[in-house]
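Structure record follows, encoded as C-alpha coordinates.
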Protein chains: 2
Amino acid sequence: MANISILGTGSMGQAIGGLVAKGGNTVQQLNTSNAAEAVTGDIVILAVPHSALAGIVATRGAELAGKVVVDITNPLDFATFDDLTVPADGSAAAELARELPQSRVVKAFNTNFAGTLATGSVGSETTAVLIAGDDADAKAAVSSFVEAAGLRAIDAGSLKRARELESLAFLQMTLAAGEKLSWTGGFAAVA
Amino acid sequence: MANISILGTGSMGQAIGGLVAKGGNTVQQLNTSNAAEAVTGDIVILAVPHSALAGIVATRGAELAGKVVVDITNPLDFATFDDLTVPADGSAAAELARELPQSRVVKAFNTNFAGTLATGSVGSETTAVLIAGDDADAKAAVSSFVEAAGLRAIDAGSLKRARELESLAFLQMTLAAGEKLSWTGGFAAVA
(Lines give C-alpha, C1' and ligand atoms only; values in the text may rest on other atoms or scores of the structure.)
Protein backbone atom coordinates (compact mmCIF):
# COMPACT_ATOMS: atom_id res chain seq x y z
CA MET A 1 0.00 0.00 0.00
CA ALA A 2 1.31 3.41 -0.94
CA ASN A 3 1.10 6.58 1.12
CA ILE A 4 0.20 9.40 -1.18
CA SER A 5 0.01 13.09 -0.37
CA ILE A 6 -1.92 15.48 -2.56
CA LEU A 7 -1.28 19.20 -2.37
CA GLY A 8 -4.40 20.90 -3.66
CA THR A 9 -8.08 20.29 -3.05
CA GLY A 10 -9.52 21.67 -6.26
CA SER A 11 -11.31 19.56 -8.86
CA MET A 12 -8.15 17.71 -9.92
CA GLY A 13 -6.93 17.22 -6.36
CA GLN A 14 -10.28 15.80 -5.35
CA ALA A 15 -10.50 13.54 -8.41
CA ILE A 16 -7.00 12.15 -7.87
CA GLY A 17 -7.71 11.75 -4.15
CA GLY A 18 -10.76 9.72 -5.09
CA LEU A 19 -8.62 7.46 -7.28
CA VAL A 20 -6.06 6.89 -4.54
CA ALA A 21 -8.75 5.90 -2.05
CA LYS A 22 -10.54 3.74 -4.62
CA GLY A 23 -7.32 1.80 -5.20
CA GLY A 24 -7.01 1.09 -1.48
CA ASN A 25 -4.08 3.42 -0.90
CA THR A 26 -3.73 6.00 1.84
CA VAL A 27 -4.23 9.64 0.96
CA GLN A 28 -3.23 12.79 2.79
CA GLN A 29 -4.87 15.82 1.24
CA LEU A 30 -3.47 19.27 1.98
CA ASN A 31 -4.11 22.77 0.75
CA THR A 32 -2.78 26.20 1.61
CA SER A 33 -4.70 26.19 4.90
CA ASN A 34 -2.50 23.23 6.02
CA ALA A 35 0.78 24.99 5.30
CA ALA A 36 2.21 23.99 8.69
CA GLU A 37 1.38 20.29 8.28
CA ALA A 38 4.21 18.00 7.12
CA VAL A 39 3.85 15.99 3.94
CA THR A 40 3.79 12.31 4.89
CA GLY A 41 3.43 10.53 1.56
CA ASP A 42 6.20 8.86 -0.41
CA ILE A 43 4.44 10.09 -3.54
CA VAL A 44 3.43 13.75 -3.53
CA ILE A 45 1.04 15.00 -6.16
CA LEU A 46 1.12 18.71 -6.86
CA ALA A 47 -2.52 19.21 -7.85
CA VAL A 48 -2.21 22.96 -8.14
CA PRO A 49 -2.21 25.54 -10.91
CA HIS A 50 1.16 25.93 -12.60
CA SER A 51 1.56 29.37 -11.05
CA ALA A 52 1.56 27.79 -7.57
CA LEU A 53 4.59 25.56 -8.20
CA ALA A 54 7.18 28.23 -7.34
CA GLY A 55 5.62 28.77 -3.91
CA ILE A 56 5.61 25.04 -3.18
CA VAL A 57 9.26 24.76 -4.18
CA ALA A 58 10.07 27.68 -1.88
CA THR A 59 8.14 26.43 1.14
CA ARG A 60 8.26 22.64 0.81
CA GLY A 61 11.24 22.00 -1.46
CA ALA A 62 13.45 20.50 1.26
CA GLU A 63 10.58 18.35 2.49
CA LEU A 64 10.11 16.88 -1.00
CA ALA A 65 13.67 15.54 -1.19
CA GLY A 66 13.73 11.78 -1.74
CA LYS A 67 10.09 11.65 -2.75
CA VAL A 68 8.32 10.99 -6.01
CA VAL A 69 6.82 14.34 -7.02
CA VAL A 70 4.01 14.31 -9.57
CA ASP A 71 3.53 17.44 -11.66
CA ILE A 72 0.02 17.63 -13.14
CA THR A 73 0.21 21.26 -14.25
CA ASN A 74 -0.43 22.89 -17.58
CA PRO A 75 1.46 26.16 -18.02
CA LEU A 76 -1.14 27.89 -20.15
CA ASP A 77 -1.08 31.60 -20.82
CA PHE A 78 -4.67 32.20 -19.76
CA ALA A 79 -4.54 35.78 -21.04
CA THR A 80 -4.14 34.69 -24.66
CA PHE A 81 -5.13 30.99 -24.56
CA ASP A 82 -2.71 30.81 -27.49
CA ASP A 83 0.63 29.91 -25.87
CA LEU A 84 2.29 28.06 -23.05
CA THR A 85 4.34 30.12 -20.61
CA VAL A 86 7.33 27.77 -20.61
CA PRO A 87 10.04 27.85 -23.30
CA ALA A 88 9.06 26.00 -26.50
CA ASP A 89 11.86 23.47 -26.04
CA GLY A 90 11.09 22.84 -22.36
CA SER A 91 8.21 21.96 -20.09
CA ALA A 92 6.81 22.80 -16.69
CA ALA A 93 7.93 19.37 -15.50
CA ALA A 94 11.50 19.85 -16.71
CA GLU A 95 11.65 23.19 -14.91
CA LEU A 96 10.28 21.62 -11.72
CA ALA A 97 12.83 18.80 -11.93
CA ARG A 98 15.61 21.38 -12.08
CA GLU A 99 14.15 23.14 -9.03
CA LEU A 100 13.84 19.86 -7.09
CA PRO A 101 17.05 17.98 -7.93
CA GLN A 102 16.65 15.66 -4.95
CA SER A 103 13.11 14.59 -5.90
CA ARG A 104 12.09 12.20 -8.65
CA VAL A 105 9.74 14.29 -10.78
CA VAL A 106 7.08 12.56 -12.85
CA LYS A 107 4.62 14.20 -15.24
CA ALA A 108 1.14 12.67 -15.06
CA PHE A 109 -2.57 13.52 -15.07
CA ASN A 110 -2.09 16.78 -16.98
CA THR A 111 -3.81 15.31 -20.06
CA ASN A 112 -6.83 14.11 -18.05
CA PHE A 113 -9.92 16.20 -17.47
CA ALA A 114 -11.06 15.78 -13.84
CA GLY A 115 -14.41 14.30 -14.82
CA THR A 116 -12.76 11.45 -16.71
CA LEU A 117 -10.75 10.47 -13.64
CA ALA A 118 -13.95 10.26 -11.60
CA THR A 119 -15.94 8.28 -14.17
CA GLY A 120 -13.01 6.15 -15.32
CA SER A 121 -13.87 6.57 -18.97
CA VAL A 122 -13.41 8.85 -21.96
CA GLY A 123 -16.28 7.99 -24.27
CA SER A 124 -16.27 4.20 -24.35
CA GLU A 125 -12.54 3.91 -23.56
CA THR A 126 -11.03 3.45 -20.12
CA THR A 127 -9.39 6.68 -19.00
CA ALA A 128 -5.66 6.49 -19.66
CA VAL A 129 -3.15 8.41 -17.56
CA LEU A 130 -0.06 9.32 -19.59
CA ILE A 131 3.07 9.24 -17.42
CA ALA A 132 6.50 10.63 -18.32
CA GLY A 133 9.64 10.58 -16.21
CA ASP A 134 13.28 9.64 -16.04
CA ASP A 135 13.01 7.27 -13.05
CA ALA A 136 11.44 3.91 -13.89
CA ASP A 137 10.58 3.08 -10.25
CA ALA A 138 8.88 6.43 -9.76
CA LYS A 139 6.78 5.90 -12.88
CA ALA A 140 5.92 2.36 -11.76
CA ALA A 141 4.76 3.68 -8.38
CA VAL A 142 2.41 6.12 -10.07
CA SER A 143 1.21 3.48 -12.55
CA SER A 144 0.50 1.16 -9.66
CA PHE A 145 -2.02 3.38 -7.88
CA VAL A 146 -3.57 4.47 -11.19
CA GLU A 147 -4.16 0.85 -12.18
CA ALA A 148 -5.39 -0.04 -8.68
CA ALA A 149 -8.16 2.48 -9.28
CA GLY A 150 -9.16 0.73 -12.50
CA LEU A 151 -7.66 3.23 -14.92
CA ARG A 152 -5.10 2.60 -17.59
CA ALA A 153 -1.53 3.80 -17.01
CA ILE A 154 0.62 4.47 -20.08
CA ASP A 155 4.35 5.00 -19.80
CA ALA A 156 4.88 7.84 -22.26
CA GLY A 157 8.67 7.82 -22.01
CA SER A 158 11.30 10.04 -20.46
CA LEU A 159 10.64 13.37 -18.77
CA LYS A 160 11.50 14.96 -22.12
CA ARG A 161 8.06 13.77 -23.31
CA ALA A 162 6.43 16.10 -20.76
CA ARG A 163 6.74 18.69 -23.49
CA GLU A 164 4.42 16.68 -25.75
CA LEU A 165 2.06 15.89 -22.84
CA GLU A 166 1.76 19.60 -22.05
CA SER A 167 1.28 20.38 -25.72
CA LEU A 168 -1.45 17.73 -25.97
CA ALA A 169 -3.24 19.09 -22.90
CA PHE A 170 -2.99 22.63 -24.24
CA LEU A 171 -4.59 21.55 -27.54
CA GLN A 172 -7.23 19.55 -25.69
CA MET A 173 -8.16 22.56 -23.54
CA THR A 174 -8.41 24.91 -26.51
CA LEU A 175 -10.67 22.41 -28.29
CA ALA A 176 -12.84 21.95 -25.20
CA ALA A 177 -13.07 25.71 -24.72
CA GLY A 178 -14.20 25.91 -28.35
CA GLU A 179 -16.78 23.16 -27.74
CA LYS A 180 -15.09 20.81 -30.20
CA LEU A 181 -14.29 18.28 -27.50
CA SER A 182 -16.25 17.93 -24.28
CA TRP A 183 -14.85 18.62 -20.80
CA THR A 184 -16.15 15.17 -19.85
CA GLY A 185 -14.37 13.64 -22.86
CA GLY A 186 -11.28 14.83 -24.67
CA PHE A 187 -8.72 12.59 -26.31
CA ALA A 188 -9.20 8.90 -25.57
CA ALA A 189 -6.33 6.43 -25.94
CA VAL A 190 -7.29 3.50 -28.16
CA ALA A 191 -5.02 0.50 -27.75
CA MET B 1 -17.84 19.17 -56.12
CA ALA B 2 -14.20 19.82 -55.37
CA ASN B 3 -11.25 18.89 -57.54
CA ILE B 4 -8.55 17.54 -55.31
CA SER B 5 -5.02 16.58 -56.25
CA ILE B 6 -2.97 14.31 -54.06
CA LEU B 7 0.79 14.17 -54.43
CA GLY B 8 1.88 10.82 -53.04
CA THR B 9 0.53 7.31 -53.47
CA GLY B 10 1.74 5.75 -50.22
CA SER B 11 -0.56 4.52 -47.48
CA MET B 12 -1.68 8.03 -46.50
CA GLY B 13 -2.08 9.19 -50.09
CA GLN B 14 -4.19 6.15 -50.88
CA ALA B 15 -6.30 6.52 -47.74
CA ILE B 16 -6.99 10.19 -48.39
CA GLY B 17 -7.69 9.43 -52.05
CA GLY B 18 -10.25 6.90 -50.90
CA LEU B 19 -11.93 9.53 -48.74
CA VAL B 20 -12.11 12.04 -51.57
CA ALA B 21 -13.72 9.50 -53.89
CA LYS B 22 -16.09 8.30 -51.15
CA GLY B 23 -17.31 11.86 -50.65
CA GLY B 24 -18.13 12.19 -54.35
CA ASN B 25 -15.27 14.54 -55.16
CA THR B 26 -12.81 14.27 -58.02
CA VAL B 27 -9.32 13.09 -57.25
CA GLN B 28 -6.11 13.36 -59.24
CA GLN B 29 -3.39 11.20 -57.74
CA LEU B 30 0.23 11.85 -58.69
CA ASN B 31 3.59 10.58 -57.56
CA THR B 32 7.17 11.15 -58.61
CA SER B 33 6.61 9.16 -61.80
CA ASN B 34 4.12 11.85 -62.89
CA ALA B 35 6.51 14.76 -62.41
CA ALA B 36 5.66 16.23 -65.81
CA GLU B 37 1.91 16.16 -65.23
CA ALA B 38 0.26 19.41 -64.12
CA VAL B 39 -1.63 19.59 -60.84
CA THR B 40 -5.29 20.23 -61.66
CA GLY B 41 -6.94 20.36 -58.24
CA ASP B 42 -7.94 23.49 -56.35
CA ILE B 43 -6.94 21.65 -53.20
CA VAL B 44 -3.55 19.93 -53.29
CA ILE B 45 -2.68 17.43 -50.59
CA LEU B 46 1.01 16.79 -50.05
CA ALA B 47 0.81 13.15 -48.90
CA VAL B 48 4.57 12.72 -48.76
CA PRO B 49 7.21 12.32 -46.09
CA HIS B 50 8.35 15.60 -44.56
CA SER B 51 11.71 15.24 -46.27
CA ALA B 52 10.01 15.44 -49.68
CA LEU B 53 8.45 18.87 -49.13
CA ALA B 54 11.53 20.82 -50.19
CA GLY B 55 11.59 19.05 -53.54
CA ILE B 56 7.92 19.78 -54.15
CA VAL B 57 8.42 23.45 -53.30
CA ALA B 58 11.33 23.56 -55.75
CA THR B 59 9.58 21.80 -58.64
CA ARG B 60 5.90 22.69 -58.16
CA GLY B 61 5.97 25.83 -56.01
CA ALA B 62 4.82 28.18 -58.77
CA GLU B 63 2.09 25.76 -59.78
CA LEU B 64 0.70 25.73 -56.23
CA ALA B 65 0.11 29.49 -56.14
CA GLY B 66 -3.53 30.34 -55.46
CA LYS B 67 -4.31 26.82 -54.30
CA VAL B 68 -5.17 25.35 -50.92
CA VAL B 69 -2.14 23.25 -49.98
CA VAL B 70 -2.61 20.61 -47.28
CA ASP B 71 0.46 19.58 -45.29
CA ILE B 72 0.01 16.17 -43.65
CA THR B 73 3.66 15.66 -42.72
CA ASN B 74 5.28 14.85 -39.40
CA PRO B 75 8.87 16.05 -39.18
CA LEU B 76 10.17 13.24 -36.99
CA ASP B 77 13.83 12.59 -36.48
CA PHE B 78 13.65 8.92 -37.39
CA ALA B 79 17.24 8.35 -36.26
CA THR B 80 16.42 9.12 -32.61
CA PHE B 81 12.60 8.89 -32.54
CA ASP B 82 13.05 11.41 -29.72
CA ASP B 83 12.76 14.79 -31.45
CA LEU B 84 11.15 16.68 -34.27
CA THR B 85 13.46 18.17 -36.89
CA VAL B 86 11.74 21.57 -36.93
CA PRO B 87 12.49 24.32 -34.38
CA ALA B 88 10.63 23.87 -31.08
CA ASP B 89 8.69 27.08 -31.56
CA GLY B 90 7.76 26.30 -35.17
CA SER B 91 6.20 23.59 -37.27
CA ALA B 92 6.59 21.92 -40.63
CA ALA B 93 3.39 23.65 -41.74
CA ALA B 94 4.64 27.10 -40.72
CA GLU B 95 7.85 26.51 -42.65
CA LEU B 96 5.89 25.37 -45.71
CA ALA B 97 3.64 28.43 -45.50
CA ARG B 98 6.74 30.63 -45.59
CA GLU B 99 8.03 28.76 -48.64
CA LEU B 100 4.67 29.02 -50.44
CA PRO B 101 3.50 32.57 -49.68
CA GLN B 102 0.99 32.54 -52.54
CA SER B 103 -0.70 29.32 -51.39
CA ARG B 104 -3.11 28.90 -48.50
CA VAL B 105 -1.44 26.26 -46.36
CA VAL B 106 -3.55 24.08 -44.09
CA LYS B 107 -2.33 21.43 -41.65
CA ALA B 108 -4.53 18.33 -41.61
CA PHE B 109 -4.43 14.53 -41.46
CA ASN B 110 -1.05 14.43 -39.70
CA THR B 111 -2.69 13.16 -36.50
CA ASN B 112 -4.55 10.35 -38.31
CA PHE B 113 -3.15 6.89 -38.83
CA ALA B 114 -3.95 5.72 -42.39
CA GLY B 115 -6.03 2.77 -41.17
CA THR B 116 -8.41 5.04 -39.27
CA LEU B 117 -9.09 7.09 -42.39
CA ALA B 118 -10.05 3.94 -44.28
CA THR B 119 -12.27 2.47 -41.53
CA GLY B 120 -13.70 5.81 -40.45
CA SER B 121 -13.29 5.03 -36.77
CA VAL B 122 -10.83 5.12 -33.89
CA GLY B 123 -12.14 2.58 -31.43
CA SER B 124 -15.84 3.34 -31.21
CA GLU B 125 -15.42 7.00 -32.16
CA THR B 126 -15.72 8.46 -35.65
CA THR B 127 -12.28 9.37 -36.96
CA ALA B 128 -11.70 13.09 -36.47
CA VAL B 129 -9.42 15.08 -38.75
CA LEU B 130 -7.83 18.01 -36.91
CA ILE B 131 -7.39 21.00 -39.21
CA ALA B 132 -5.31 24.11 -38.52
CA GLY B 133 -4.82 27.11 -40.77
CA ASP B 134 -5.05 30.86 -41.09
CA ASP B 135 -7.55 30.95 -43.96
CA ALA B 136 -11.12 30.13 -42.94
CA ASP B 137 -12.26 29.32 -46.48
CA ALA B 138 -9.34 26.96 -47.03
CA LYS B 139 -10.14 25.12 -43.79
CA ALA B 140 -13.82 24.96 -44.74
CA ALA B 141 -12.93 23.43 -48.12
CA VAL B 142 -10.92 20.69 -46.40
CA SER B 143 -13.63 20.14 -43.77
CA SER B 144 -16.18 19.82 -46.53
CA PHE B 145 -14.58 16.84 -48.29
CA VAL B 146 -13.67 15.22 -44.94
CA GLU B 147 -17.29 15.42 -43.79
CA ALA B 148 -18.57 14.27 -47.19
CA ALA B 149 -16.62 11.05 -46.57
CA GLY B 150 -18.38 10.54 -43.23
CA LEU B 151 -15.51 11.61 -40.98
CA ARG B 152 -15.53 14.34 -38.41
CA ALA B 153 -13.65 17.57 -39.19
CA ILE B 154 -12.43 19.66 -36.26
CA ASP B 155 -11.18 23.20 -36.74
CA ALA B 156 -8.16 23.23 -34.42
CA GLY B 157 -7.46 26.94 -34.84
CA SER B 158 -4.84 29.02 -36.60
CA LEU B 159 -1.78 27.64 -38.37
CA LYS B 160 0.11 28.27 -35.12
CA ARG B 161 -1.69 25.21 -33.74
CA ALA B 162 0.14 23.04 -36.29
CA ARG B 163 2.88 22.92 -33.68
CA GLU B 164 0.56 21.14 -31.24
CA LEU B 165 -0.83 18.89 -34.00
CA GLU B 166 2.72 17.83 -34.92
CA SER B 167 3.55 17.31 -31.26
CA LEU B 168 0.42 15.19 -30.78
CA ALA B 169 1.25 13.06 -33.81
CA PHE B 170 4.83 12.63 -32.63
CA LEU B 171 3.62 11.42 -29.22
CA GLN B 172 1.04 9.16 -30.86
CA MET B 173 3.70 7.56 -33.08
CA THR B 174 6.10 6.97 -30.20
CA LEU B 175 3.28 5.32 -28.22
CA ALA B 176 2.25 3.17 -31.18
CA ALA B 177 5.87 2.18 -31.81
CA GLY B 178 6.02 1.14 -28.15
CA GLU B 179 2.78 -0.84 -28.52
CA LYS B 180 0.94 1.38 -26.05
CA LEU B 181 -1.51 2.57 -28.69
CA SER B 182 -2.39 0.60 -31.81
CA TRP B 183 -1.61 1.70 -35.36
CA THR B 184 -5.30 1.09 -36.11
CA GLY B 185 -6.30 3.24 -33.12
CA GLY B 186 -4.43 6.11 -31.52
CA PHE B 187 -6.03 9.12 -29.89
CA ALA B 188 -9.78 9.36 -30.49
CA ALA B 189 -11.59 12.68 -30.17
CA VAL B 190 -14.55 12.40 -27.79
CA ALA B 191 -17.07 15.21 -28.22
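Only a predicted model underlies this, so the values are computations on that prediction, with no experimental measurement involved. All chains are named by letter (A, B, ...) in the order of the sequence lines, taking the proteins before the strands, and each is independently numbered beginning at 1.
The backbone N or O of B/Pro75 lies less than 3.5 Å from no partner atom in the side chain of B/Thr73, so there is not a single donor-acceptor pair. At least one donor-acceptor pair under 3.5 Å links the side chain of A/Asp77 to the backbone N or O of A/Ala79.
Annotation: side chain of A/Ile43 is not in contact with side chain of A/Asn3 (no heavy-atom distance under 4.5 Å). For the pair B/Ile72/B/Ile45, a side-chain contact is recorded, criterion being any heavy-atom separation below 4.5 Å from C-beta on. A/Ile4 places a side-chain heavy atom less than 4.5 Å from the side chain of A/Phe145. Residues B/Val86 and B/Glu166 are in side-chain contact: their nearest non-hydrogen atoms beyond the backbone lie under 4.5 Å apart. Considering only heavy atoms from C-beta on, B/Val68 stays 4.5 Å or farther from B/Lys139 through its side chain. Counting heavy atoms from C-beta outward, A/Leu19 and A/Leu151 have side chains that approach closer than 4.5 Å. Between A/Met173 and A/Trp183, the closest side-chain pair of non-hydrogen atoms falls below 4.5 Å. Between B/Leu64 and B/Val69 the shortest side-chain heavy-atom distance falls below 4.5 Å.
Note: the hydrophobic cluster containing B/Val142 also contains B/Ile6 (ILVMFWY, side chain heavy atoms under 4.5 Å, direct or indirect links). No chain of hydrophobic side-chain contacts below 4.5 Å, direct or via other Ile, Leu, Val, Met, Phe, Trp or Tyr residues, connects A/Leu7 to A/Ile16. Linking ILVMFWY residues whenever their side-chain heavy atoms come closer than 4.5 Å, directly or via other members, places B/Leu84 and B/Phe81 in the same cluster. Side-chain heavy atoms closer than 4.5 Å link hydrophobic residues (I, L, V, M, F, W, Y) into clusters, and following such links, possibly through other members, connects A/Met12 to A/Val70.
Across all their heavy atoms, B/Leu175 and A/Ala156 have their closest contact at CD2-CA, 3.9 Å. Heavy-atom minimum distance, A/Asn74 versus A/Ala169: OD1-CB, 3.2 Å.
Residues of residues 88-122 of chain A placed with any heavy atom under 4.5 Å of a heavy atom in chain B are listed by number as A/Ala88, A/Asp89, A/Val122. Scanning residues 47-61 of chain A against chain B with a 4.5 Å heavy-atom cutoff picks out nothing at all. Residues from residues 22-42 of chain B never place a non-hydrogen atom less than 4.5 Å from a non-hydrogen atom of chain A. Contact annotation for residues 125-138 of chain B against chain A (heavy-atom separation below 4.5 Å, listed by residue number): B/Glu125, B/Leu130.
Both the backbone and the side chain of B/Phe187 have a heavy atom closer than 4.5 Å to some heavy atom of chain A. Only the side chain of A/Leu168 comes within contact range of chain B, judged by heavy atoms closer than 4.5 Å. Both the backbone and the side chain of B/Lys180 come within less than 4.5 Å of a heavy atom of chain A.
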message: Using side chain to side chain contact (heavy atoms under 4.5 Å, CB included), reason through A/Leu46 and A/Asp71 one step at a time and then give a plain yes or no.
response: CA-CA 6 Å; A/Leu46 309 185; A/Asp71 168 35; 5.6 Å; no
query: Can A/Phe170 and B/Arg161 be said to form a side chain to side chain contact (heavy atoms under 4.5 Å, CB included), step by step?
result: CA-CA 10 Å; A/Phe170 169 35; B/Arg161 283 292 85 71; 3.4 Å; yes
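Annotation: maximal heavy-atom pairing with chain A below 4.5 Å, among B/Pro87, B/Gly185, B/Ser124, B/Ala191, occurs at B/Ala191.
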